Amino acid sequence: MELLIQLALNGLALGALYALMAVGFALIFGTTKIFHFAHGATFVLAAYTYYAAVSEAGLPVAFALGLCAAVALGFGLACERFVYRPMLRSESASLTIFVASFGLFIAAENAVILVFGSSYHTLESRLSRALQLGPFAISPVGLCAIVASATILGALEFFLARTYTGAALRAMADNPELVRMIGLNRYYYAKVAFAVGSLMVVPAAVLSVYLSGLSPQSGAWITLVAIASTIVGGVGSLYGAALGGIVLGVAQNVGIWRLPASWGEGIAFGVLLLFLLFRPTGLIHVFERR
Amino acid sequence: MVPLLEARNLEAYYGWSKVLHGLDLTVEKGKVTVVLGANGAGKTTLLRAISGLIRTTGEIRFDGVRIDGKAPEDIVRLGIAHVPEGRGTFPNLTVLENLRLGAYTRKDKQEVRRDLDRIYTYFPVLKQKSNSPAGLLSGGEQQMLAIARGLMLRPRLLMLDEPSLGLAPVVVADLFRIVRAINEDDGVTVLLVEQDAVGALEVSQYAYLLETGHIVSSGPADELRQNDSIRKSYLGY
């Protein structure tokens, strides 16, 4: 039983990071309808930037964080401005845009392999060592993941629910055509969505370097997680995406209670499959349109 | 006097099929003009063409200036508010958010606030429900919100696409009364598209009859009401 709780705790820390990735993806997808597969590339680029800044260049953590944020933001905005926007202007089909995004993802992944090689990297920190809480152990990094995720998601909720810009973003998600009829500058709000979504990758990328280590292939996994969480949660709902991320993180950890550890990812996607079969609309229903 | 809106030889397509076949249509400043027609006559297409949501050939002039070929975002900025059929609101946004977004293109914040108050006097129910999501309003209330959202632009031309669709007759009567008040008290020019000929002809000064993409008849609303064949096919008496 104690092991189970311990696994759930580990899962919660991982799920908190998944939630950040998933909500960023869902925010971009919901407001712009762009299937931003390259969201995982943002993750890989951000994580390697941080890793290189700290371990190879020996820069202070605060500086490395800034650099990492700049790379994530720059990559996300560049995707929007130079790839998706021209495609949307020429009225490309959403499948074409998806393929372009997939291409971006592969290009970024290979660029990382070219520079850093395809081996596994990890960073050690005093913060990685576990703290003992009664019978349970959690690393400060894990705790950071939970706190950072909760704070950022709370701030996002406030931004979306209470500000004019937030209302405009929700309007984009609600009815893209009506948005044009009221004269909203949809490219500006697409930029905002990409900026916010890409910045949310930063804490996930940095903490996962400590929490689970880094390889160029982790981008594909994290993209799948983000997409799966969005589906598990219910497409169109950011709460759902966050919850979906946590469910996947916990499932991946708790799943190995009685099974070999290598089953973790398989179990997480088993959960996804069950959702698709039995509750295809996801955990949270967005309310039905007429 | 230059008409507020003028379409000449307007043609529009959906895919390969032609939906509007060379329409000529004029909307005079300060008046309510109605375009009557059955389902599939091209009424919605006409409004979408004016809004720049679909590609057209021919000419559309707004206050003398060509607007055909412009993007919808730019056409809104000229003062044309389009209230589409059915889904004219953002269901997950509150009533107040919907209204504030209606004034998105305006910079005169003070005036926007004043207009909001005035719109609440037309539609008191929207004030009561200003914080509930639009999707939870009744059909009639949603239609009121959609119109109110259009008014928040302080438009020079308000285009309404079948505001009566799916509403109870009492609600429809109410809605038309408000449309008339908006036109008379605020001098907003209205282009109305309707199937409900009885109510629509009552609020309008000028009417067009649209059949499968052709204008088959037009004239002052009073005259059309007297016309026998129109009475038979549209008014049912």
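Per chain, numbering begins at 1; letters A, B, ... match sequence-line order. Keep in mind it's a predicted model, so treat the numbers as computed, not measured.
Residue contact with chain A, scored on non-hydrogen atoms closer than 4.5 Å, involves the side chain of B/Arg48 exclusively. Only the side chain of B/Arg77 has a heavy atom closer than 4.5 Å to any heavy atom of chain A. Heavy-atom distances place the side chain of B/Leu53, and not its backbone, under 4.5 Å from chain A.
The choice from B/Pro84, B/Gly150, B/Gly102 that makes the most heavy-atom pairs within less than 4.5 Å of chain A is B/Pro84. Of the listed residues B/Leu93, B/Thr105, B/Asn98, B/Val83, the one with more heavy-atom pairs under 4.5 angstrom with chain A than any other is B/Leu93.
Of all non-hydrogen atoms in B/Glu73 and A/Leu184, the two that sit nearest each other are CG-O, 3.5 Å. Closest non-hydrogen pair, B/Leu101 versus A/Ala171, comes out as CD1-CB, 3.5 Å.
In this structure, B/Lys127 places its NZ atom where only 12 or fewer heavy-atom neighbours from other residues, nucleotides or ligands lie under 6.0 Å away. Few gaps surround CZ on B/Arg66; more than 12 heavy atoms of other groups in view lie less than 6.0 Å from it. Within a 6.0 Å sphere centred on CZ of B/Arg118, heavy atoms belonging to other residues, nucleotides or ligands number more than 12.
Between the CG atom of B/Leu153 and the CE atom of A/Met181 there is a distance of 13.0 Å, given to the nearest 0.5 Å. For the atom pair CD1 (B/Ile75) and CZ (A/Arg180), the distance works out to 9.5 Å, reported to the nearest 0.5 Å.
When side chains are defined from C-beta on, A/Arg170 does not count as touching B/Phe90, because their heavy atoms never get closer than 4.5 Å.
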Output a table of donor-acceptor pairs, distance under 3.5 Å, between side-chain atoms of residues 169-177 of chain B and any protein atom two or more places apart or on a different chain; print 'none' if there are none.
from     : atom 1 : to       : atom 2 : distance (Å)
B/Asp174 : OD1    : B/Arg177 : NH2    : 2.7

Between side-chain atoms of residues 80-89 of chain A and protein atoms elsewhere (two or more places apart, or another chain), which donor-acceptor pairs fall under 3.5 Å?
from    : atom 1 : to       : atom 2 : distance (Å)
A/Glu80 : OE1    : A/Arg85  : NH2    : 3.0
A/Glu80 : OE2    : A/Arg85  : NE     : 3.2
A/Tyr84 : OH     : A/His36  : ND1    : 2.8
A/Tyr84 : OH     : A/Ser101 : OG     : 2.8

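Within the 3.5 Å criterion, the main-chain N or O of B/Asn92 finds a donor-acceptor partner in the side chain of A/Asp174. The backbone N or O of B/Arg100 lies less than 3.5 Å from a partner atom in the side chain of A/Tyr164, making a donor-acceptor pair.
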